[in-house]
Amino acid sequence: MIAKAQAIYAAVRRVPKGKVATYGQIARVAGLPRRARLVGYALAALERSDVPWHRVVNAAGKISERGEPMFVAQQRAMLEREGVEFTASGRIPLARYQWKAQA
DNA sequence: AGCCTGACTCGGA
DNA sequence: CTCCGAGCCAGGC
């Protein structure tokens with residue numbers, strides 16, 4: 001486990017229930033500007049943790065796929081259970097649900 | 001070291 | 001809206 005990953009996880013944990021954040025946003029909050037890919041990489045390594053990874057989506061407000069479509073459906077279900085709505089095209093209206101990190 | 005891959009993002013066409 | 005190319009970084013070979 002590397003320190004950068006820890007910073008990323010800490011940033012993700014700050015995302016409140018019912019809100020979502022983008023990879024790039026998490027990267028900035030974690031002090032790693034332009035390292036969106038690193039965020040995805042770090043989250044991919046997650047296994048059984050208290051990190052709300054399901055609240056992290058890409059810049060388009062869509063859930064990033066990773067092989068099994070099953071996980072995407074699972075993530076969407078968890079978000080909807082927290083009150084996050086999806087558009088007919090499967091996107092999340094970021095203007096309304098994106099987490100605004102406070103300095 | 002080089003090359004390829006990947007839960008990404010942005011600007012341009 | 002979609003597709004492309006470039007920039008980014010960690011890991012494995």
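Convention: sequence-line order gives letters A, B, ...; per-chain numbering from 1.
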Item to complete: Starting at CE of A:Met78, measure out to NZ of A:Lys17 and round the result to the nearest 0.5 Å.
Response: 13.0 Å
Worksheet entry | Least distance between heavy atoms, A:Ala45 atom then A:Tyr9 atom | CB-OH, 4.3 Å
Fill in: B:dC8 OP1/OP2 closer than 4.0 Å to side-chain N/O of A:Ser64
yes
Worksheet item: When all nucleic acid strands are considered with a 4.0 Å heavy-atom cut-off, which category describes A:Ala59: base, sugar-phosphate, or nothing?
Response: sugar-phosphate
Worksheet item: Under 4.0 angstrom, heavy atoms only, what part of the nucleic acid is A:Arg66 near: base, sugar-phosphate, or nothing?
Response: base
Which whole-number value in Å describes the distance from [X] [atom1] to [N] [atom2]?
X       : N      : atom1 : atom2 : result
A:Tyr23 : B:dG6  : OH    : C1'   : 11 Å
A:Leu79 : B:dA7  : CG    : C1'   : 14 Å
A:Ile8  : C:dC9  : CD1   : P     : 12 Å
A:Ile92 : B:dA7  : CD1   : C1'   : 14 Å
A:Arg35 : B:dC10 : CZ    : P     : 14 Å

Worksheet item: Between A:Glu82 and A:Lys19, is there a side-chain N and carboxylate O pair less than 4.0 Å apart?
Response: no
Return yes if some donor-acceptor pair links the side-chain N/O of [X] with the main-chain N/O of [Y] below 3.5 Å, else return no.
X       : Y       : value
A:Gln75 : A:Arg55 : no
A:Arg91 : A:Ala60 : yes
A:Arg35 : A:Ala27 : no

Worksheet item: Does A:Gln74 CD have over 12 foreign heavy atoms under 6.0 Å away?
Response: no
Worksheet entry | Residue among A:Val56, A:Val29, A:Leu94 satisfying side-chain contact (heavy atoms from CB on, under 4.5 Å) with A:Trp99 | A:Val29
Fill in: cation_pi(A:Arg76, A:Phe86) dist<6.0 Å, angle<=45
yes
Protein N or O to nucleotides 10-13 of chain C N or O, pairs below 3.5 Å:
unit_1: C:dA10; atom_1: OP1; unit_2: A:Lys4; atom_2: NZ; d: 2.6
unit_1: C:dG11; atom_1: O4'; unit_2: A:Tyr41; atom_2: OH; d: 2.9

Could you go through nucleotides 2-7 of chain C and list every protein N or O atom that sits under 3.5 Å from one of its N or O atoms, giving the distance for each pair?
unit_1: C:dG7; atom_1: O6; unit_2: A:Arg37; atom_2: NH1; d: 3.2

